[in-house]
Visitor: 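Input: one structure, supplied below.
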Amino acid sequence: YSETVNAIGTVTGNTAVDFENGNVQTITINGACELSFSNPPASGKAGTVTLIITNGGAHTTTFASPVKWPSDVAPSLTTSGVDIVSFLTTDAGTTIYGFVGGLNFS
């Protein structure tokens, strides 16, 4: 089993991560941005996206309001390096749970 990795590319502003573009996606942050999500699966179906984020802490990176973090605290992303963060929804994106896979891979 394998998956194609979708490269979102370098972003400098607000960006929507599209669930339909695959379960593993890469993104490089090069300016303040809010990450939101588009095209989640219908309610009753699970959708996941793992983001491999480069330099997410170099600029202000926030997540849209549907994203819920443990203890309501978003992770501090790495200024110069890679963070791996996963997102899960089962209700058509009304709630998207955020999970840290690992921070500060450099």
Side-chain angles (χ1 to χ4, degrees):
Y1 177 76
S2 67
E3 298 178 61
T4 300
V5 176
N6 177 57
I8 295 171
T10 299
V11 300
T12 58
N14 295 352
T15 300
V17 176
D18 190 335
F19 274 90
E20 292 181 353
N21 285 342
N23 297 93
V24 179
Q25 302 188 39
T26 62
I27 189 168
T28 299
I29 306 298
N30 197 29
C33 73
E34 178 181 83
L35 295 176
S36 60
F37 293 86
S38 62
N39 296 313
S43 265
K45 298 199 180 259
T48 60
V49 172
T50 296
L51 276 182
I52 302 170
I53 304 170
T54 301
N55 302 339
H59 304 277
T60 301
T61 302
T62 58
F63 298 88
S65 61
V67 177
K68 306 302 179 199
W69 298 100
S71 300
D72 201 28
V73 178
S76 294
L77 300 177
T78 304
T79 299
S80 180
V82 173
D83 303 305
I84 300 173
V85 185
S86 295
F87 301 90
L88 166 72
T89 185
T90 59
D91 60 5
T94 300
T95 302
I96 300 172
Y97 298 103
F99 301 89
V100 173
L103 299 174
N104 198 20
F105 293 97
S106 50

Visitor: Any sub-3.5 Å donor-acceptor pair from Asn14's side-chain atoms to Cys33's backbone N or O?
Guide: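 Not a single qualifying donor-acceptor pair exists.
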Visitor: If every non-hydrogen atom of Ala92 is compared with every non-hydrogen atom of Pro40, which pair is closest and at what distance?
Guide: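 Nearest pair, atom of Ala92 first, then Pro40: O-CG, 3.1 Å.
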Visitor: Using the rule that two of Ile, Leu, Val, Met, Phe, Trp, Tyr join whenever any of their side-chain heavy atoms come within less than 4.5 Å, decide whether Val100 and Ile52 are in one cluster.
Guide: no
Visitor: Is any side-chain heavy atom of Val11 less than 4.5 Å from a side-chain heavy atom of Ile29?
Guide: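 Yes, close enough: below the 4.5 Å cut-off.
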Visitor: For the pair Asp91 (side chain) and Thr94 (backbone), establish whether a donor and an acceptor sit closer than 3.5 Å, ignoring hydrogens and angles.
Guide: yes
Visitor: Hey, could you give me the CG/CD1 distance between Asn30 and Ile27, rounded to the nearest 0.5 Å?
Guide: 11.0 Å
Visitor: Quick check: does any side chain N or O of Asn6 sit under 3.5 Å from a backbone N or O of Gln25, one acting as donor and the other as acceptor?
Guide: no
Visitor: Working to the nearest 0.5 angstrom, can you tell me the gap between Ile96 CD1 and Ser86 OG?
Guide: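 So the CD1 of Ile96 and the OG of Ser86 are separated by 13.0 Å.
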Visitor: Any side-chain heavy atom of Leu35 within less than 4.5 Å of one from Val67?
Guide: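 Result no, sub-4.5 Å side-chain heavy-atom pair not found.
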Visitor: Could you tell me the separation between the OH atom of Tyr97 and the CZ atom of Phe87, rounded to the nearest 0.5 Å?
Guide: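 With rounding to 0.5 Å, OH (Tyr97) is 14.0 Å from CZ (Phe87).
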Visitor: Counting only N and O atoms by type, is there a donor-acceptor contact under 3.5 Å from the side chain of Thr28 to the main-chain atoms of Gly9?
Guide: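 No.
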Visitor: Using 0.5 Å steps for rounding, measure from the CG atom of Asn21 to the CG atom of Asn39.
Guide: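 The distance works out to 8.0 Å.
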Visitor: Quick check: closest heavy atoms across Gly98 and Pro70, and the distance to 0.1 Å?
Guide: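 Where Gly98 meets Pro70 most closely, the heavy atoms are O-CD, 3.5 Å.
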Visitor: Identify whether Ile53 and Ile8 are in the same connected component of the hydrophobic contact network (ILVMFWY, side-chain heavy atoms under 4.5 Å).
Guide: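 Yes, one cluster joins them.
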Visitor: To the nearest 0.5 Å, tell me how far Thr79 OG1 sits from His59 NE2.
Guide: 9.5 Å
Visitor: Examine distances only and state if a side-chain atom of Thr61 and a backbone atom of Gly56 form a donor-acceptor pair shorter than 3.5 Å.
Guide: yes
Visitor: Could you check Thr48, Thr50, Val49 and say which one makes a side-chain contact (heavy atoms from CB on, under 4.5 Å) with Asn23?
Guide: Thr48
Visitor: Mark yes or no for whether Ser80, through its side chain, and Thr78, through its backbone, hold a donor-acceptor pair below 3.5 Å.
Guide: no
Visitor: Is the ring pair Trp69/Phe63 parallel, tilted or perpendicular, if the boundaries are 30 and 60 degrees?
Guide: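 Plane angle over 60°, so perpendicular.
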Visitor: How long is the gap from CD1 on Ile84 to CZ on Phe105, to the nearest 0.5 Å?
Guide: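 If I round to the nearest 0.5 Å, the distance is 4.5 Å.
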